[in-house]
Amino acid sequence: MSHITPSPSQIKSLLIALVVTLILGVVFHLVIQVERQRLEQLLRLQVNQETAALLSSLEAELNANIFLASGLAAHVEALQHIEQDTIPNTLAVLYRLGRHVRNLEVAPNNRVDYVYPSAGNEKVIGVYYPDTPSQWPSVKRAIDERRTLVTGPLELQQGGQGIISRTPVFLDDKHYWGMLSLVLDSDDLFSAVGLNPEVEGIRYTLRNISSGSGQRVIMGHPQLFEEDSIRLILNLPGTRWELAAVPVSGWSSASSHLRIMLWVNWALAGLIGFGVWRYMRYRDISELKLKHLAETDALTELYNRRAFVQVADQLARQFPSSHWSMLLIDIDHFKHVNDTYGHQVGDQALQSLALKLKAELTEKGCVARFGGEEFAVLLPHQSLAEAEQLASQLLACIRNMAIAIQSDDISLLRLTISIGIASGKIEWVGLDHLIKAADDALYRAKDAGRDRYACEVALSKAPEGPSTIVG
Ligand SMILES: Nc1nc2c(ncn2[C@@H]2O[C@H](COP(=O)(O)OP(=O)(O)OP(=O)(O)O)[C@@H](O)[C@H]2O)c(=O)[nH]1
């Protein structure tokens with residue numbers, strides 16, 4: 001199984017793209033979260049306002065009714081008694097004046113003697129409060145506190161539920177005369193103010209939170225008090241109610257579209273990250289291509305002279321005390337090839353020779369086209385003897401090589417080369433000197449008849465004078 005190891009620049013591009021994706025994603029995410037919270041707060045504010053408005057309508061409507069009996073109480077207190085003839089009419093007037101009034105009761109000495117309207121409320125006549133456990137505590141409390149108190153909603157003697165307002169009457173401000181009660185139809189009252197279990201996308205629940213009420217739910221779904229709800233309290237004389245409100249589709253409904261935005265955000269951040277990665281890869285590849293173009297000879301695909309010098313300089317810095325050899329290779333009578341078969345044949349010959357040199361020498365050193373029909377080979381860590389051996393092999397290899405040519409005039413071409421060898425410790429010699437020495441040696445090889453090598457030996461810091469060998 002083959003493993004493809006990513007290059008450092010690939011890893012760098014990937015990391016930068018990931019960082020860009022993460023930063024953008026997190027920033028957008030935070031912006032969306034802040035917007036979500038803002039929308040949720042707005043919704044809470046809106047629900048709070050609507051709940052408060054509902055509660056104040058309820059309070060206003062209750063207050064408009066529960067003190068109706070106060071007028072009758074004042075009448076009794078003023079006259080010190082009640083005139084039986086006028087009671088039905090008085091109660092009828094009060095009944096008309098009120099809203100949602102189910103019935104009015106007059107109970108001198110806590111026994112109900114009069115009720116209006118009488119139809120449907122007959123069962124109430126004669127009820128003695130102290131004998132009615134469901135009513136006596138609230139009656140007694142109103143007497144004790146000497147003020148109008150509201151209780152309920154309660155199950156009524158005559159059936160159904162009602163909110164009861166009780167006003168105790170005292171004669172001479174001392175002697176308790178009796179109780180005036182006003183029963184309101186709770187359902188009618190709630191629907192008149194628009195309080196229902198669900199109103200315009202908001203669920204409401206009302207409960208009684210007065211002590212001893214057992215937090216009884218008056219209207220709506222009890223679970224609203226288990227939820228994250230807006231809660232407002234209504235204080236009435238003698239009782240406390242609590243109204244809870246929650247949007248039907250929850251608090252996050254106002255920002256539900258932002259949930260999609262979160263996905264879009266990450267997709268967008270990923271897309272931008274991918275774009276960054278593509279751009280960086282494109283830039284890296286373009287840089288590599290440019291570098292390759294700048295370093296490579298277009299005809300032979302070998303290093304050009306500039307790249308060769310750069311590589312050699314780098315190696316010289318890396319291994320300053322190493323012993324180096326260098327070959328300068330020049331094709332013999334190449335002008336003749338060009339002149340006889342044309343420049344194109346010459347180019348093909350140069351390409352074939354470059355391929356051969358690459359195949360033979362790449363593992364041993366750095367091969368470059370030095371100019372025209374001249375090639376250079378740098379052999380770091382190689383002695384003169386090793387360089388000479390290599391040069392002999394090369395000479396034989398090229399001499400015996402038949403170069404295939406695509407031309408009407410010729411199909412096979414044979415060439416020879418001449419090689420100049422220079423050798424020495426790089427820190428003493430220096431690259432320029434090594435090249436110059438190899439060039440001199442090449443000149444001598446040409447001079448000695450070509451198809452051979454010549455070397456410069458004993459190049460050192462303090463050379464005694466180079467000696468020349470022609471192989
Ligand atoms: N086809 C081709 N020819 C080239 C290229 N570069 C240089 N030459 C030719 O190489 C020849 C070099 O000729 P000379 O310097 O006289 O050397 P030579 O004929 O090889 O003779 P010696 O080197 O003395 O053996 C010239 O004809 C150049 O035009 C190239 O890229 N393509």
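Whatever order the structure lists ligands and atoms in, that order sets their numbers, starting from 1. Sequential numbering from 1 along the given sequence is applied to the chain's residues. The structure presented is a predicted model; accordingly, all values stated were derived computationally and were not measured.
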Practice prompt. Quick one: do Ser418 and Asp332 satisfy side-chain hydrogen bond (donor to acceptor under 3.5 Å, both in side chains)? Show the steps, please.
Written response: CA-CA 7 Å; Ser418 297; Asp332 295 332; 2.7 Å; yes

Item to complete: Could you name the option among Thr416, Asp332, Asn338 that has the heavy atom nearest to atom 4 (C) of ligand 1?
Response: Asn338

Fill in: Full working for salt bridge (charged side-chain N to carboxylate O under 4.0 Å, His left out) between Arg305 and Asp297
CA-CA 9 Å; Arg305 187 176 184 135; Asp297 171 61; over 6 Å; no

Worksheet item: Checking side-chain contact (heavy atoms from CB on, under 4.5 Å) for the pair Glu386/His381: CA distance, chi angles, key distance, verdict?
Response: CA-CA 10 Å; Glu386 287 167 318; His381 321 299; over 6 Å; no

Discussion item. Give the atom numbers and elements of ligand 1 that come within less than 4.0 Å of a heavy atom of Asp330.
Written reply: 23 (O)

Worksheet item: Among Lys446, His336, Arg450, which one has a heavy atom closest to atom 23 (O) of ligand 1?
Response: Lys446

Fill in: atom 32 (N) of ligand 1 - nearest protein heavy atom and its distance
Asp347 OD1, 2.8 Å

Worksheet item: According to the interplanar angle, ranging from 0 to 90°, do the rings of Phe190 and Trp241 count as parallel (below 30°), tilted (30 to 60°) or perpendicular (above 60°)?
Response: perpendicular

Worksheet item: Which part of Val345 is near ligand 1, with near meaning a heavy atom under 4.0 Å away: side chain, backbone, both or neither?
Response: neither

Fill in: Stepwise salt bridge (charged side-chain N to carboxylate O under 4.0 Å, His left out) check, Asp284 with Arg281
CA-CA 5 Å; Asp284 286 349; Arg281 289 306 303 143; 3.3 Å; yes

Practice prompt. Please confirm whether Ile331 comes within less than 3.5 Å of ligand 1 when only nitrogen or oxygen atoms on both sides are compared.
Written response: yes

Item to complete: Give the numbers and elements of all ligand 1 atoms closer than 4.0 Å to a heavy atom of Gly346.
Response: 1 (N)

Practice prompt. Please work out which of Lys335, Arg369, Glu373, His343 has its closest non-hydrogen atom nearest to atom 15 (O) of ligand 1.
Written response: Glu373

Worksheet item: If you measure from the Lys or Arg side-chain nitrogens to the Asp or Glu carboxylate oxygens, is any gap between Arg317 and Asp313 under 4.0 Å?
Response: no

Practice prompt. Using distance alone, decide if ligand 1 has a nitrogen or oxygen within less than 3.5 Å of any nitrogen or oxygen in Leu299.
Written response: no

Worksheet item: Among all protein non-hydrogen atoms, which one is nearest to atom 7 (C) of ligand 1, and what is the separation to 0.1 Å?
Response: Gly372 CA, 3.5 Å

Fill in: Cationic N near anionic O, under 4.0 Å, Arg44 to Glu40
yes

Discussion item. For atom 18 (P) of ligand 1, what's the nearest protein heavy-atom neighbour? Residue, atom name and distance, please.
Written reply: Phe334 N, 3.5 Å

Worksheet item: side-chain hydrogen bond (donor to acceptor under 3.5 Å, both in side chains) between Arg240 and Ser210: does it pass, once the steps are laid out?
Response: CA-CA 5 Å; Arg240 289 180 91 205; Ser210 318; over 6 Å; no

Discussion item. With a cutoff of 4.0 Å, is Glu374 in contact with ligand 1, counting heavy atoms of the residue only?
Written reply: no

